[in-house]
Q: 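Quick one: this structure, given as structure tokens, is what I'll be asking you about.
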Amino acid sequence: MIEGGEPLVGEVGVSGAKNAALPILCASLLCPDTLRLGNVPHLNDISTMLRLLGQMGVVVAMDGNEALTLDSSGLSNPFAPYDMVKTMRASILVLGPLLARCGEARVSLPGGCAIGARPVDQHIKGLQAMGAEIRVEGGYVHATAKRLKGARIVTDMVTVTGTENLMMAASLAEGETVIENAAREPEIVDLANCLIAMGADIVGAGTDRICVRGGERLHGAAYSVMPDRIETGTFLCAAAASGGEITLTHTSAALLDSVIEKLREAGCVIDGSTDSIHLKAPQRLKAVSLRTAPYPAFPTDMQAQFMAINCVADGSAVIRETIFENRFMHAVELIRLGADIRIDANTAVVTGVPKLDGATVMATDLRASASLVIAGLVARGQTLIERIYHLDRGYERIEEKLARLGARVRRVR
Ligand code: EPZ
């Protein structure tokens with residue numbers, strides 16, 4: 001329940017990146033030594049992944065100062081069941097590591113989700129190029145490989161988890177693997193840095209050409225997960241829309257140049273240091289058009305949040321979503337709050353209105369729920385957001401962090 005109208009003011013810390021932590025947790029499957037991880041966010045998706053690894057035989061423990069230890073020496077069950085995978089598509093990230101470590105894997109097909117079909121054909125194509133025998137049957141990917149062999153792989157499109165799966169598998173393959181058309185997201189670089197700490201030989205992470213020289217074995221390591229750039233961007237958008245002034249710590253402006261550029265274009269004053277970002281919002285934002293595309297272009301995971309900003313900005317903006325086929329579900333909910341949005345296929349035209357009015361709205365997916373929170377913070381009166389389990393998948397204690405910045409928000413049963 002959000003009582004709108006309060007500008008966000010103050011300082012809050014950003015948590016570790018969900019989309020870096022998820023593949024890094026799967027990297028623990030690659031070797032029997034213990035992987036010790038810091039700055040892992042406490043999110044539902046992380047708990048789901050830990051349960052999935054646990055039922056495979058990975059021993060997960062918390063050690064004193066908030067670090068997570070994963071010990072896969074007892075890995076005995078290279079199987080990812082449908083009832084766990086259906087709640088979190090990122091489970092597909094166990095496929096590459098299991099194949100590389102155990103020579104076999106049975107992983108449920110993730111199935112679609114609200115924002116799109118989300119196929120994994122590129123993951124399969126790449127692993128087959130490395131010599132894996134893969135058949136899809138009964139809703140499961142059945143994969144076997146005596147030993148994966150290095151290969152040159154060109155993915156048909158840029159795929160974040162596809163690149164991550166192949167990079168992890170290649171780190172134990174025989175010979176060199178080159179991944180062309182690789183995704184360049186910072187989370188790929190974070191995973192590569194963790195794999196390198198475990199002894200992998202990876203060059204080019206962060207570029208569209210990644211070379212991996214496979215080894216016989218990796219070893220344990222201690223690693224700290226990077227800050228969550230989407231949580232960072234979400235809070236910047238919330239402060240911008242509410243006319244506030246905030247400082248975000250444990251994060252870096254370098255992770256989201258394209259978002260910061262758009263926020264400046266909208267009239268915000270932003271300056272960043274190595275581990276914090278400060279934003280001061282203008283009295284009224286200017287509408288800003290955008291087009292989502294793979295990193296370093298504007299991230300699709302920030303599209304919904306920026307649509308919320310444009311609902312209360314001066315002028316009209318055109319938003320093009322080029323990554324997913326159905327990522328405008330927040331638009332109809334924003335319209336319930338009084339927004340002026342017209343959708344035509346993957347293009348939305350948003351015309352700013354003087355005010356939004358609170359109402360009951362429904363979250364449909366993770367980032368859509370974030371855009372409803374932002375709209376609720378600026379709408380007149382009360383906004384009740386239902387199905388906020390979507391929100392808890394990707395934001396750690398969001399209502400506590402927002403309340404610390406002066407928002408009137410509470411979780412109601
Ligand atoms: C990752 O999903 C993120 N999830 C998503 O974040 C993010 O929106 C997305 O990358 C794009 O940046 C994680 O990292 C866990 P893709 P992913 O493979 O890897 C098509 C969030 O909010 N495609 O880069 O699944 C696909 O359909 C989530 O935290 C194929 O056709 O996305 C999409 O249109 C939502 N075949 C496009 O490529 C494949 O084999 C990009 O998908 C793989 C992908």
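These figures come from a predicted structure and were not determined experimentally. Order of listing sets the numbers, starting from 1, for every ligand and every atom in it. Counting begins at 1 with the first residue of the sequence.
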Q: Using non-hydrogen atoms of the residue, decide whether R89 is closer than 4.0 angstrom to ligand 1.
A: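 R89 counts as a contact of ligand 1 under the 4.0 Å cut-off.
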
Q: Within the distance-only criterion (no hydrogens, no angle test), does the side chain of Q382 pair as donor or acceptor with the backbone N or O of G358 below 3.5 angstrom?
A: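 Flag not set: sc Q382 to bb G358 has no pair under 3.5 Å.
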
Q: Mind checking whether F306 and L263 have side chains closer than 4.5 Å, heavy atoms only?
A: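 Side-chain contact under 4.5 Å: yes.
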
Q: I need the nearest protein heavy-atom contact for atom 43 (C) of ligand 1: residue, atom name and distance, please.
A: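 Answer, as residue, atom name and distance: P119 O, 3.3 Å.
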
Q: May I ask you to identify the nearest protein heavy atom to atom 6 (O) of ligand 1, giving residue, atom name and distance to one decimal place in Å?
A: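 Looking only at protein heavy atoms, the one closest to atom 6 (O) of ligand 1 is D301 OD2, 3.0 Å.
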
Q: Any idea which atoms of ligand 1 are less than 4.0 Å away from a heavy-atom of L366?
A: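 Contacts of ligand 1 toward L366, numbered from 1: 22 (O), 29 (O).
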
Q: Can you tell me how far CD of E185 sits from CG of N19, rounded to the nearest 0.5 angstrom?
A: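 So the gap between those two atoms works out to 9.5 Å.
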
Q: Decide whether H278 and E245 meet the rule of one side-chain donor and one side-chain acceptor closer than 3.5 Å.
A: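 H278 vs E245: donor-acceptor pair found between side chains.
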
Q: Please tell me if the side chains of R89 and V120 come closer than 4.5 Å, counting only heavy atoms from C-beta onward.
A: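 In short, these two side chains touch, coming nearer than 4.5 Å.
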
Q: Determine, considering heavy atoms only, which of R327, R367, H390 sits nearest to atom 35 (C) of ligand 1.
A: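 The residue whose heavy atom sits nearest atom 35 (C) of ligand 1 is R327.
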
Q: Could you tell me the residue and atom name of the protein heavy atom closest to atom 18 (O) of ligand 1, and the distance to it rounded to 0.1 Å?
A: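 Minimum-distance protein heavy atom for atom 18 (O) of ligand 1 reads T159 OG1, 2.7 Å.
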
Q: Tell me, which protein residue and heavy-atom name are nearest atom 2 (O) of ligand 1, and how many Å apart are they?
A: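 The closest heavy atom on the protein side is R118 NH2, 3.5 Å.
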
Q: Is the count of non-hydrogen atoms from other residues, nucleotides or ligands lying under 6.0 Å from R387 atom CZ greater than 12?
A: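 No.
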
Q: Provide, to 0.1 Å, the distance between atom 3 (C) of ligand 1 and the closest protein heavy atom, together with that atom's residue and name.
A: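 Looking at atom 3 (C) of ligand 1, the protein heavy atom closest to it is N19 ND2, 3.7 Å.
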
Q: How far apart are the closest heavy atoms of Y395 and A370, and which atoms are they?
A: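 Residues Y395 and A370, closest heavy atoms: OH-CB, 3.5 Å.
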
Q: Report the nearest protein non-hydrogen atom to atom 26 (C) of ligand 1: residue, atom name, distance rounded to 0.1 Å.
A: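 Heavy-atom neighbour on the protein nearest atom 26 (C) of ligand 1: F324 CE2, 4.3 Å.
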
Q: For G162, is the nearest heavy atom under 4.0 Å from an atom of ligand 1?
A: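 It does not; every heavy atom stays at 4.0 Å or beyond.
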
Q: Are any non-hydrogen side-chain atoms of E11 and S276 less than 4.5 angstrom apart?
A: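 They are not in side-chain contact.
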
Q: Starting from atom 36 (N) of ligand 1, which protein heavy atom do you reach first, and at what distance in Å?
A: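 Of every protein heavy atom, D121 OD1, 2.8 Å lies nearest to atom 36 (N) of ligand 1.
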
Q: Quick one: nearest non-hydrogen protein atom to atom 34 (O) of ligand 1, plus distance?
A: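 Looking only at protein heavy atoms, the one closest to atom 34 (O) of ligand 1 is I323 O, 2.7 Å.
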
Q: Can you tell which of T163, T300, T161 gets a heavy atom nearest to atom 19 (O) of ligand 1?
A: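 Residue with the shortest heavy-atom distance to the ligand atom: T161.
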
Q: Who's closest to atom 40 (O) of ligand 1 heavy-atom-wise, of Q122, M157, K18?
A: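 It is Q122 that holds the nearest heavy atom.
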
Q: Counting each atom of ligand 1 from 1 as listed, which ones have a heavy atom of H123 under 4.0 Å away?
A: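 Those of ligand 1 that fall under 4.0 Å from H123 are 40 (O).
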
Q: Where does the angle between the aromatic ring planes of F328 and H330 fall among parallel (under 30°), tilted (30 to 60°) and perpendicular (over 60°)?
A: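 Aromatic pair F328/H330 classed perpendicular.
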
Q: Please indicate whether any nitrogen or oxygen in V160 is less than 3.5 Å from any nitrogen or oxygen in ligand 1.
A: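 Such a contact does occur with ligand 1.
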
Q: Cut-off 3.5 Å, side chains only: do T351 and S316 have a donor facing an acceptor?
A: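 The answer is yes; a qualifying pair exists.
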
Q: Are R184 and Y295 in a cation-pi contact, defined as NZ or CZ under 6.0 Å from the six-membered ring centre and within 45° of the axis?
A: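 Cation-pi check for R184 and Y295: fails.
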
Q: V158 heavy atoms, cut-off 4.0 Å: which ligand 1 atoms fall inside?
A: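 The atoms of ligand 1 under 4.0 Å from a heavy atom of V158 are 24 (O), 41 (C).
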
